[in-house]
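One structure below.
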2 protein chains.
Amino acid sequence: MTDVTVHKKTAYHHGDLKGELIAAARSLIEMHGPDGFSMSDACRLAGVSTAAPYRHFSSKQDLLAAIAADGLKRLGEDMETLVQNHPRGTVESISAIGRGYVDFAIREPHTFRLMFGAMGAKPENAQMREVGRACYGILLGEVAKFLGKTEVDEAVVGRAFPLWTFVHGLSFLAIDGKLDVHEFPVDINESIRIATGRLLS
Amino acid sequence: MTDVTVHKKTAYHHGDLKGELIAAARSLIEMHGPDGFSMSDACRLAGVSTAAPYRHFSSKQDLLAAIAADGLKRLGEDMETLVQNHPRGTVESISAIGRGYVDFAIREPHTFRLMFGAMGAKPENAQMREVGRACYGILLGEVAKFLGKTEVDEAVVGRAFPLWTFVHGLSFLAIDGKLDVHEFPVDINESIRIATGRLLS
DNA sequence: TTGTTAAAGTTAGTCATGCTAACATATGTT
DNA sequence: AACATATGTTAGCATGACTAACTTTAACAA
């Protein structure tokens, strides 16, 4: 017997539902925003019942936190790559990090919001805190090199934090459509380069 | 007849339900965040049926937009007051605006988020756009004075926008708990003063 | 093999919520 | 007094988060 339904496409067990749900949720969230997002939709997209996600995520919030953490991880990878393509510890490498940051926000605005507190996704989440710190660590490292230091001391933080602050603000303003408020459009690259220079000096 | 139930406490008509709903919603939102907020809760708080709000707001989004607009208006008033308490067109008056901005964000973090795109509350809303512009106008005016100009030209925008960017970023980082990431705590006042100086120069 | 266990799905149902429709009551104008 | 309008109510629908109880599959021991 053993009814050779080998080619059955709808396997009862899914393989990697967790990953697929994150992927589905990411795409839905970037389409309709974290609020307009529903578990049900993600289930429909993944072709699975509405109870299935709760084997992998304790709640909707938990799924959102996973997506936020995933976003922070990918942001860190972006930044790492960018740093590698520039002479280390220079204004160029530091500006590149900033550009990568803003680019990410513009590319995935809703995920970016999620990464920074939207939907109550506070960094009380251990996973988020860790990947977040890793991202910031990249900037701190570059600024330390720029200042000719081997450790992250108060002076390094004093230079790096304002830079983060600036690109963070630019990111939020960009995704909120505030770059087009003027008759004179804001050039993101130029904006970052100038501010980086001024804030580092 | 006319059953003299004059002292009936529960008047059928409420007086100013619209205002009361906004007040109720504001307080609930600052307690549980814009997501955790429900129309039903606001109705309970205002002591009114769940259908009543729809005589005053077309949807939940609409109520949220009203709260955001109200927040922008109050932010503008704060900024206006602060400017008046300093010599016009100086680093001090400009720093004070920035401090007021960040203070508002810290005082009403969830409303602040709402004012800047959370919950899909985009500035496509005409009312929000208007009060938002008024706020920015205060900063533009001060920077123009600082530069000795009578009009807002490209140079003014080129100085003012980075300042906005900076305090905007600082606000978001503050309400997201990122000011305590270091061993060396960030002093908001000092941070704003230094950045204002560097970005204006 | 086969039997047991745990992991990962499913169905069905509960409760809260956003919103609408139909109805009720107050207010103000004539 | 009569009507129109604004503003409230009740009842009900649709959707969505989540749970409980059950089922299927995979994994592993015997």
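The chains referred to below are lettered A, B, ... by the order of the sequence lines, with proteins before strands, and numbering in each begins at 1.
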Grab the [atom1]-[atom2] distance between [X] and [N] for me, whole Å please.
X      : N       : atom1 : atom2 : result
F37(B) : dA16(C) : CZ    : C1'   : 14 Å
K60(B) : dT17(C) : NZ    : P     : 9 Å
Q61(B) : dC19(C) : CD    : P     : 8 Å
D35(A) : dA17(D) : CG    : C1'   : 16 Å
L63(B) : dG18(C) : CG    : P     : 10 Å
L21(A) : dC18(D) : CG    : C1'   : 15 Å
D62(A) : dA17(D) : CG    : C1'   : 14 Å
Y54(B) : dT20(C) : OH    : P     : 7 Å

Could you please name the option among [options] that lies closest to any side-chain atom of [X]?
X      : options                   : answer
D41(B) : dT17(C), dC19(C), dA12(C) : dT17(C)
S59(A) : dC18(D), dG16(D), dG18(C) : dC18(D)
V48(B) : dA17(D), dG18(C), dT9(D)  : dT9(D)
H56(B) : dT17(C), dT10(C), dT7(D)  : dT7(D)

Is the phosphate of [N], meaning OP1 or OP2, less than 4.0 Å from a side-chain N or O of [X]?
X      : N       : answer
R44(B) : dT17(C) : yes
S49(A) : dT11(C) : no
S40(A) : dA17(D) : yes
T50(B) : dT17(C) : no

>> If you define the side chain from C-beta out and look only at heavy atoms, does anything of F37(B) sit under 4.5 Å from H110(B)?
In response: no

> Ring centres of F116(A) and H168(A) under 6.0 Å apart?
Replying inline: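 So the answer is yes for these two rings.
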
>> For V181(B), is there any backbone N or O sitting under 3.5 Å from a side-chain donor or acceptor partner on R133(A)?
In response: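 Flag set: sc R133(A) to bb V181(B) pair under 3.5 Å.
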
>> With a 3.5 Å distance limit and no angle check, can you tell me whether R159(B) reaches the backbone of L200(B) through a side-chain donor-acceptor pair?
In response: yes

>> Tell me whether the rings of Y136(A) and F161(A) are parallel (<30°), tilted (30 to 60°) or perpendicular (>60°).
In response: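 Answer is perpendicular, since the angle exceeds 60°.
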
